[in-house]
*Asks:* 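Quick one: the structure is below, questions incoming.
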There are 2 protein chains.
Amino acid sequence: MNIGDVARLSGLPAKTIRYYEEIGLISPMRDQNGYRRFRDSDMHRLAFLGRARSLGFSIEDCRGLLELYGDRQRASADVKQIARGHLARIDEKLAELTAMRQTLAHLVSCCAGDSRPDCPILDDLAGNFPAGSGDDSTENERPGTVS
Amino acid sequence: MNIGDVARLSGLPAKTIRYYEEIGLISPMRDQNGYRRFRDSDMHRLAFLGRARSLGFSIEDCRGLLELYGDRQRASADVKQIARGHLARIDEKLAELTAMRQTLAHLVSCCAGDSRPDCPILDDLAGNFPAGSGDDSTENERPGTVS
DNA sequence: ATAAGGCTTCCATCTACTGGAAGGTCAAGA
DNA sequence: TCTTGACCTTCCAGTAGATGGAAGCCTTAT
């Protein structure tokens, strides 16, 4: 199979497949004309990569997972460790995004969004807190930056 | 104020402040020795930037927000539009991460994580679905890749 | 013969910084 | 006065994970 067929079958762009070869994730053979020739095993690795990437694993995680995938002597604990690390990163990201979302949604809901210049969103970004806008108690705590 | 002071006060690394100047977000003056000299207005812009970035606004969003910030004739609708666009992106990202998290957490919970090679995580990544592992009904739908 | 489409490599670009090298500046101390 | 150390400067490279495009070869059909 040539790269175009593999791209169609795997759903990965040809560019990406070449990139994966460049960084050593796959090693297809070459025909005499220089074209890459993909065997079933290459397709399997690419499918594996596509799936792992769609779950958000980093390229380096993928490299490790592929190695374990091809190792009959592997311990599932090693796989699980990679997956758990990734899960932890996802949870961090989720917490960060959720906090952002909350603040942002509040600001958006406070903004009239008309032709007048008054804007609580800009006020907040500029560090002005023009008297609690609806909710009582804690007077606008400002979340800190997260990595 | 020199860049070091501004960095301490704003919480932004000096490198980042130089970068923001390079891409035209701020334009501090220069002393005769070539050192950047920051006025209060520069500090305000940097604080604004730090806050906007911590809410996840892109640099280009920040550029637009800063422009509106400095425009007395602005319409709050323009600010709100940027914020809403950003909110929508956050929601997309949240949905994507939540889906990943769910699949991943399930796989992790299925994996023994011991010294044996059998691993449902690898099986899934490889496209093998070894008989529904606990839940009935829909026999493992595989989520597609999201941008 | 030539045109279309597929393939190749190489280089640049994207986001938002970050790290480091080489070197100028300034204030304090011996 | 010299030196030391903390600042500051610019410039270049690198990060993750591709993606876009140019220039050019290969193959097949017309």
Side-chain angles (χ1 to χ4, degrees), chain A residues 1-38 42 46 48-66 85-86 89-90 93 96-97 100 145-147, chain B residues 1-38 42 46 48-66 85-86 89-90 92-93 96 100 145-147:
Chain A
M1 278 195 298
N2 284 343
I3 199 168
D5 309 309
V6 176
R8 268 180 293 279
L9 285 174
S10 70
L12 296 169
K15 277 275 187 192
T16 300
I17 297 171
R18 291 194 194 97
Y19 173 66
Y20 286 171
E21 183 191 21
E22 187 189 330
I23 62 176
L25 291 180
I26 53 169
S27 302
M29 319 236 71
R30 295 290 181 139
D31 280 341
Q32 294 206 319
N33 57 14
Y35 287 19
R36 290 170 182 79
R37 189 160 50 79
F38 294 83
D42 297 311
L46 283 170
F48 185 103
L49 282 166
R51 170 76 173 149
R53 292 288 298 132
S54 83
L55 285 178
F57 283 103
S58 72
I59 289 288
E60 287 317 306
D61 278 349
C62 288
R63 198 186 299 281
L65 289 169
L66 271 178
H86 180 41
R89 275 183 309 249
I90 286 180
K93 201 77 190 161
E96 184 183 346
L97 283 175
M100 283 179 185
T145 308
V146 187
S147 71
Chain B
M1 278 197 298
N2 285 342
I3 201 169
D5 310 309
V6 176
R8 269 181 293 278
L9 285 174
S10 69
L12 296 169
K15 277 274 186 190
T16 300
I17 296 171
R18 291 195 193 96
Y19 173 66
Y20 286 169
E21 183 192 17
E22 188 188 329
I23 62 175
L25 292 179
I26 53 170
S27 302
M29 318 237 70
R30 296 290 180 137
D31 280 341
Q32 296 207 317
N33 57 14
Y35 287 19
R36 289 168 182 81
R37 189 159 50 78
F38 294 84
D42 296 312
L46 283 170
F48 186 102
L49 283 166
R51 171 76 173 150
R53 291 289 298 130
S54 83
L55 285 179
F57 282 104
S58 73
I59 288 288
E60 287 317 306
D61 278 349
C62 288
R63 198 186 299 280
L65 289 169
L66 271 177
H86 179 41
R89 268 168 297 170
I90 285 180
E92 272 179 42
K93 200 78 189 159
E96 184 183 347
M100 283 179 186
T145 306
V146 186
S147 71

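All chains are named by letter (A, B, ...) in the order of the sequence lines, taking the proteins before the strands, and each is independently numbered beginning at 1.
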*Asks:* Please state how far atom CG in A:Leu49 lies from atom P in D:dG17, giving the value in whole angstrom units.
*Replies:*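 Checked: the CG to P distance equals 12 Å.
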*Asks:* Send over the distance from B:Phe38 CZ to D:dC7 P, rounded to a whole Å.
*Replies:*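 Result: 16 Å.
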*Asks:* Would you give a per-nucleotide map of nucleotides 13-21 of chain C, 5' to 3', where B means the base has a protein non-hydrogen atom under 4.0 Å away, S means only the sugar-phosphate does, and - means neither?
*Replies:* ---BBSBB-
*Asks:* Does a side-chain N or O from A:Asn33 land closer than 4.0 Å to OP1 or OP2 of D:dT27, or not?
*Replies:*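 Yes, within the criterion.
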*Asks:* Determine: side-chain N/O of A:Arg18 to OP1/OP2 of D:dG20, distance under 4.0 Å, yes or no.
*Replies:*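 No, no such contact exists.
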*Asks:* Rounded to whole Å, how long is the line connecting atom CG of A:Leu12 with atom C1' of D:dT19?
*Replies:*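 Distance check: A:Leu12 CG to D:dT19 C1' gives 14 Å.
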*Asks:* I need the minimum non-hydrogen distance between B:Phe38 and B:Ile3, along with the two atoms involved.
*Replies:*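 B:Phe38 and B:Ile3 have their closest heavy atoms at CE1-CA, 3.6 Å.
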*Asks:* Which atom names give the shortest non-hydrogen contact between A:Leu55 and A:Ile90, and what distance separates them?
*Replies:*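 Closest approach of A:Leu55 to A:Ile90, heavy atoms only: O-CD1, 4.2 Å.
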*Asks:* From CG of B:Asp31 over to C1' of C:dT25, roughly how many Å is that when rounded to an integer?
*Replies:*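 Spelled out: CG on B:Asp31 to C1' on C:dT25 is 11 Å.
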*Asks:* Does D:dG17 have its OP1 or OP2 closer than 4.0 Å to a side-chain nitrogen or oxygen of A:Arg63?
*Replies:*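 No, A:Arg63 has no side-chain N/O under 4.0 Å of OP1/OP2 on D:dG17.
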*Asks:* So do B:His86 and B:Leu65 actually touch side chain to side chain, heavy atoms under 4.5 Å?
*Replies:*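 In short, these two side chains do not touch, never coming nearer than 4.5 Å.
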*Asks:* Rounded to the nearest 0.5 Å, what separates atom CD1 in B:Ile26 from atom CG in B:Leu46?
*Replies:*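 If we round to the nearest 0.5 Å, B:Ile26:CD1 and B:Leu46:CG are 4.5 Å apart.
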*Asks:* Taking five pairs at each end, how big is the angle between the two axes of the helix from C:dA1-D:dT30 to C:dA30-D:dT1, to 10°?
*Replies:*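 End-to-end axis angle: 40°.
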*Asks:* Tell me, do A:Leu9 and A:Met1 make a side-chain contact under 4.5 Å, heavy atoms counted?
*Replies:*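 Sidechains of A:Met1 and A:Leu9: in contact.
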*Asks:* Over how many whole Å does the gap from A:Gln32 atom CD to C:dC7 atom P extend?
*Replies:*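 So the two atoms are 18 Å apart, to the nearest Å.
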*Asks:* Rounding to a whole Å, what distance do you find between A:Tyr35:OH and D:dT27:P?
*Replies:*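 About 6 Å, once rounded to whole Å.
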*Asks:* Specify the separation, in whole Å, of atom CD1 of A:Ile23 and atom P of D:dA18.
*Replies:*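 Those two atoms, CD1 and P, are 7 Å apart.
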*Asks:* Please report the closest heavy-atom contact between B:Ser10 and B:Ile17, naming both atoms and the distance.
*Replies:*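 Looking at all heavy atoms of both residues, the closest pair is OG-CD1, 4.1 Å.
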*Asks:* Where do A:Ala14 and A:Ala7 come nearest, in terms of heavy atoms and distance?
*Replies:*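 Distance-wise, the nearest heavy atoms are N-CB, 3.9 Å.
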*Asks:* Does A:Glu60 pair with A:Arg63 as a salt bridge, N-O distance under 4.0 Å?
*Replies:*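 Yes, A:Glu60 and A:Arg63 are salt-bridged.
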*Asks:* Looking at B:Arg36, does any N or O in its side chain come under 4.0 Å of the phosphate oxygens OP1/OP2 on D:dT9?
*Replies:*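 Checking B:Arg36 against D:dT9: at least one side-chain N or O falls below 4.0 Å of OP1 or OP2.
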*Asks:* Are side-chain heavy atoms of B:Arg36 and B:Arg30 found at a separation under 4.5 Å?
*Replies:*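 Counting from C-beta outward, B:Arg36 and B:Arg30 do come under 4.5 Å.
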*Asks:* Mind calculating the distance between CZ (A:Arg30) and C1' (C:dT8) to the nearest angstrom?
*Replies:*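 Rounding to the nearest Å, CZ of A:Arg30 and C1' of C:dT8 are 8 Å apart.
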